[in-house]
Structure formats: C-alpha cells, structure tokens
**Q** 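Okay, handing you the structure first.
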Protein chains: 2
Amino acid sequence: MGESLKYKGIYTDIRDKINKGEYKLNEKLPDGETLAAYYECSKLTVKKALDILVQEGMIVRRRGSGTFVKGVSTNGEAIALGPTAGLVKTIGKQKITSKIILFSIEKPSQEIADKLEIENEYIYKIIRVRHLNKEPYSIEHTFMPLSIIKGLEPKHLEDSIYNYIRDDLKLKMHSAHVRIKGDKANDEDCSLLNIDKDSFMMEVEKLATLENGSIFEYSITRHLYENFVFETVFVQN
Amino acid sequence: MGESLKYKGIYTDIRDKINKGEYKLNEKLPDGETLAAYYECSKLTVKKALDILVQEGMIVRRRGSGTFVKGVSTNGEAIALGPTAGLVKTIGKQKITSKIILFSIEKPSQEIADKLEIENEYIYKIIRVRHLNKEPYSIEHTFMPLSIIKGLEPKHLEDSIYNYIRDDLKLKMHSAHVRIKGDKANDEDCSLLNIDKDSFMMEVEKLATLENGSIFEYSITRHLYENFVFETVFVQN
DNA sequence: AAGTGGTCTAGACCACACT
DNA sequence: GTGTGGTCTAGACCACTTG
C-alpha cells in the first residue's frame, strides 16, 4: 500500500475537518493528549501530524494555551507550484491545455548535464506552450534524464508529466529548488506567445529531486507577467 | 540564554562543518547512531537536527544507504528573503543603506487593518528606499501594529527592524506568507528610484507572524527587476 | 545478512500561559 | 496551580539498500 503512515492519516483527517468547517476559524482544537487518545496513538505522532498543518499555516500551536485554527487550505486563484504541485494541479478549475513544440531525445549541453548531475547520458528535451482558457500563457522548457524517466510519450505531456512519474513509474518526489526572476521577452517568447518585443516575462527555474536524491527534472518556465503570482509560506525552524 | 536546544546546536554544528568543507560534497555522513553517540543524545534528536538540513536542501538521507552532503548553504549573489532573513541579512557583503521617506503613526485603511487582523488600532507606516552600493534598488512599504512593535525609532529603520524585534523586544518570528509578481513601474517607483515610466518591477508582498500567531508586519517591496532573484526550496511532507 | 533511516511508543521533564 | 506544547530519551520494529 505504501500509504499506511499513521501521522499522514491523522494529518489529512484534521485538515479535512478544518476545510469542511468542522473545526472553525480561531476555534481551539482538542489538546494533544486527547487527540492521541482519539486516534489511538502517542502524543508525538499527533504532534508530527499537526506540525505539517503548522507548516502549511493552517493552525497555530501556542505553548500553554492550545492549538488554534488559523486559516484554510490555500487554494486561491494564484498559480503556485511546489514539488507535488505541477502547474496543472494547483490551477484548479481553469482550463489549461498544452501545445507540444518539441519533444526530442538528445545529448544535453554541458550546462544542462551539470544541472541534472549526469554524464554521457541522454535526456528528453521538451518545449511546451501552456494555454489558459485558450490564451497562450507560458512557455516551458523541460529537461529530464532518460535513465530515470523511462517510457515518456506525447500523451503524458498533454496531461501532467508529474502524474506519470508518480502513478506509472511509482517514483516519489522529494523537493524542488526554485528561482524566480523577471526578464524582458526574447524572440522565442514573442513568436510562441504572440506578444510584443517590449513585453515582460516572469521566469521560473526549477530543479526537482526524487526521494532518493537524484535529480529528475530541470525546467525553465516563462510566464506572461499579467497572470502570474507566486505564493509560498516560510516557516522558521 | 534561550538558545539551549540540543537539536539546534547539533544542526548548526553539522551545518558549519559542511560549510567549512569538513564534510565534503557527496560525502557520506556518519550514521544516526554514531552521531547520537558523538553528540550524547538520542537518535531522534539527531534526526530532528538533520531534518532541518534536509529541508534546506543541504543533505539527503537515503533509507538503507545513508546521509549524503548535497549542497552548501545558499549564499549566492541572489537576494533571498525568509522570515528571519530580512533583506539585510541575506545580502551579505554588499553595502546596503536605507533612506527613510516616511515614518508615521496613523490609523490604517480598512485593507491594511484586515491584512494585519486588527481593529481600531494605530499602526506604523514606513516607506524606505533601499540602496545597494549607493544605487537605488527597491522601495518598501511597511505596516506594523503599534500594539505589538512598541518603541520603534528612526535608528532602527536604518538597520533592520527585525533585529530590533528579535533582540530588543524579544519576540520570536514564526512564519511569513509571501506573494511575488511582476508589475509595471508606477509614479512612485519612477520618482523615488529615478527610473523610466516603462520600467519593470518585481513586487514582493509579505505577511509575517510571530510564534504566538499574531501578525506583526505587512509589507510591499518593489524591486528593480535587474537585481532581483528569489530563491526557495520546497520539501515534500 | 548487515547497515541504515523512518515510524511509533510511553513516559519524563521543562517552558509557558491563563486565571 | 492546572493545562498545554515542546524537547528529549531508550528502545522496538519495520522498510529499504547494498554487498
């Protein structure tokens, strides 16, 4: 099964209760001991579950006073992206489609090979234009090592590559390093997105790793700035 | 002292060893049990320390094989910003100075009051222009509730407000919610940063909370895009 | 089979908040 | 003082990787 972790079950249960309104905003949750009794586990396991919710900003735990609901699941219109969350997942209801510009297998440049930490290996090079409600919205360059992502086909590109990696290849993602900056539109942006030379782009560079530490994706996505918002939460350690 | 947490000590010790090159890139660290013996603590405490490093992307732990160094502390030229990390901290060696444009105490607009989750309270409103090596670089609007941040003075603004909050007020920061987007320069940008009407800005909106869950800062910072890079690491839960 | 991490427990003890 | 979270321990047991 793989997904029989007690703390994850408790986490999703409480998260769902908050989202369903069973626990309301600013309401106090039962204390750790009570929850531990309810879920038939130790207090530490409850804490581990609640810690995820703290990190997501949904609850606050105050030593001496208790645990309080502080917000609900962040599913605004904003386009966020994490390691699980490809574009597709987070965008929610809106219609997103992909047009494949290039899907080739090749030897990477030295720069790409360095990013992916590979040598003498082939990669997929994929270029896609994303459309949001039929309007061109972003252009994505994706590089993945052939040795890790086996059997990729065009049909996977139209949906989400991440689904294929998770569901078919059974690989588990672990983390993503992200760099965001602004840039002037280049020739490719102009021709593929049909925009002016003096337009402005938001560029997201992403390096993603699997649970075993190997890098499976390097991508550069350039968005029209008008629709782009990046949201994230930092939590102190 | 306040800082007598065992796991934090272990964390900083190992982090520093990695940064000093005592543990080299891709090198395998001692296993959990050995480290626990070395630091005279339980394995769980070692894990807690290493988990922070995992979250920061510095190490990878592979069940069955070990713990490996995967990178060093992210202190590139990039200007990152977290909850601890105000601009000042992360920018490192470069000379950063602030020019105070406005420092007033006023009733907030409804919008700002909502963001800070206050009612009928006064706030500080601060506008500063940041200079990087004497060049104007960003303009920052900061709003803080008077009830939380007491006794703020101009001299604190030239340095870092965060230092004042942490060292003098003894308040502990917990998290920051951040939104990043691109935008065209507005009149204020043009006049204060001395740039063209058709320039482009990177806007960072930040909402920061203390450990007790109260919101102590809402800020909007607009940067010249040329020098701005935002970096972060996502880790799966 | 041996090495290594991850999950989980049951309980001790401390720090902090409320009243 | 009582309630509540956070830290820490010592050890059990399981899952995964590697020789």
Side-chain angles (χ1 to χ4, degrees), chain A residues 1-12 14 26-55 58-70 170-172 174-175 209-214 235-237, chain B residues 1-12 14 23 26-55 58-70 170-172 174-175 210-214 235-237:
Chain A
M1 305 290 99
E3 280 320 312
S4 57
L5 293 186
K6 213 177 252 190
Y7 75 90
K8 276 202 177 163
I10 298 171
Y11 154 72
T12 48
I14 297 178
N26 292 320
E27 189 177 330
K28 182 175 173 176
L29 262 58
D31 66 280
E33 196 147 5
T34 307
L35 288 171
Y38 175 71
Y39 290 110
E40 296 181 319
C41 68
S42 73
K43 285 189 285 178
L44 228 180
T45 303
V46 165
K47 174 166 165 49
K48 213 167 168 182
L50 294 179
D51 276 349
I52 302 175
L53 291 166
V54 169
Q55 219 171 70
M58 293 185 66
I59 62 172
V60 178
R61 308 198 78 193
R62 260 187 288 253
R63 182 188 246 153
S65 48
T67 302
F68 301 86
V69 179
K70 263 298 166 190
K170 309 282 185 206
L171 296 175
K172 281 175 190 154
H174 173 260
S175 66
T209 66
L210 297 174
E211 216 167 48
N212 66 14
S214 54
V235 176
Q236 189 92 343
N237 287 308
Chain B
M1 307 291 102
E3 282 317 316
S4 58
L5 295 185
K6 212 176 256 191
Y7 75 91
K8 277 202 178 164
I10 299 171
Y11 154 71
T12 46
I14 297 179
Y23 292 127
N26 293 320
E27 190 177 329
K28 182 175 174 175
L29 262 58
D31 65 282
E33 195 146 9
T34 307
L35 288 171
Y38 175 72
Y39 289 109
E40 296 179 321
C41 67
S42 74
K43 284 188 288 179
L44 229 181
T45 303
V46 165
K47 174 168 164 49
K48 214 167 167 181
L50 293 179
D51 276 349
I52 302 174
L53 292 166
V54 169
Q55 218 171 72
M58 292 185 65
I59 62 171
V60 178
R61 307 199 79 192
R62 260 186 287 249
R63 181 186 253 161
S65 49
T67 302
F68 302 86
V69 179
K70 264 299 165 190
K170 310 283 185 204
L171 296 175
K172 281 175 190 155
H174 173 259
S175 67
L210 296 174
E211 218 167 48
N212 66 14
S214 55
V235 176
Q236 189 91 343
N237 288 310

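The model shown is predicted, which means the values in this text are computed figures rather than measured ones. In what follows, chains carry the letters A, B, and so on, assigned in the order in which the sequence lines appear, proteins first and then strands, with residues in each chain numbered from 1.
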**Q** Check every strand shown and say whether Lys43(A) touches a base, only sugar-phosphate, or nothing at a heavy-atom separation below 4.0 Å.
**A** nothing
**Q** When rounded to the nearest 0.5 angstrom, what distance separates CD1 in Ile10(B) from CD in Glu40(B)?
**A** 10.5 Å
**Q** What is the 5' to 3' range of DNA chain C, first to last nucleotide, that sits under 4.0 Å from any heavy atom of chain A?
**A** dT7(C) to dA17(C)
**Q** More than 12 heavy atoms of other residues, nucleotides or ligands under 6.0 Å from CD of Glu27(A): yes or no?
**A** yes
**Q** Can you work out whether Ser42(A) or Arg61(B) has the more 5'-proximal nearest nucleotide on DNA chain C?
**A** Arg61(B)
**Q** Quick check on DNA chain D: between Leu44(A) and Arg63(A), whose nearest nucleotide comes earlier from the 5' end?
**A** Arg63(A)
**Q** Within the structure shown, what part of the strands sits under 4.0 Å from Lys48(A) by heavy-atom distance: base, sugar-phosphate, or nothing?
**A** sugar-phosphate
**Q** In the structure I gave you, are the side-chain heavy atoms of Leu29(B) and Val69(B) within less than 4.5 Å of one another anywhere?
**A**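 Result yes, sub-4.5 Å side-chain heavy-atom pair found.
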**Q** Taking pairing as Watson-Crick or G-U wobble with both contacts under 3.5 Å, can you name the mate of dT19(C), or confirm there isn't one?
**A** none
**Q** Could you tell me the separation between the NZ atom of Lys6(A) and the P atom of dA15(D), rounded to a whole number of Å?
**A** 14 Å
**Q** For Glu33(B) and Gly64(A), take the nucleotide of DNA chain C holding the closest heavy atom to each; which residue's nucleotide lies nearer the 5' end?
**A** Glu33(B)
**Q** Among all residues two or more places apart in sequence or in another chain, which pass the salt bridge (Lys or Arg N to Asp or Glu O under 4.0 Å) test with Lys48(A)?
**A**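 By the salt bridge (Lys or Arg N to Asp or Glu O under 4.0 Å) rule, Lys48(A) matches no residue at all.
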**Q** Are side-chain heavy atoms of Lys8(B) and Thr12(B) found at a separation under 4.5 Å?
**A**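 Contact flag for Lys8(B)/Thr12(B) side chains = no.
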**Q** Do we get Arg61(B) above Phe68(B)'s six-membered ring, with its NZ or CZ under 6.0 Å from the centre and within 45° of the axis?
**A** no
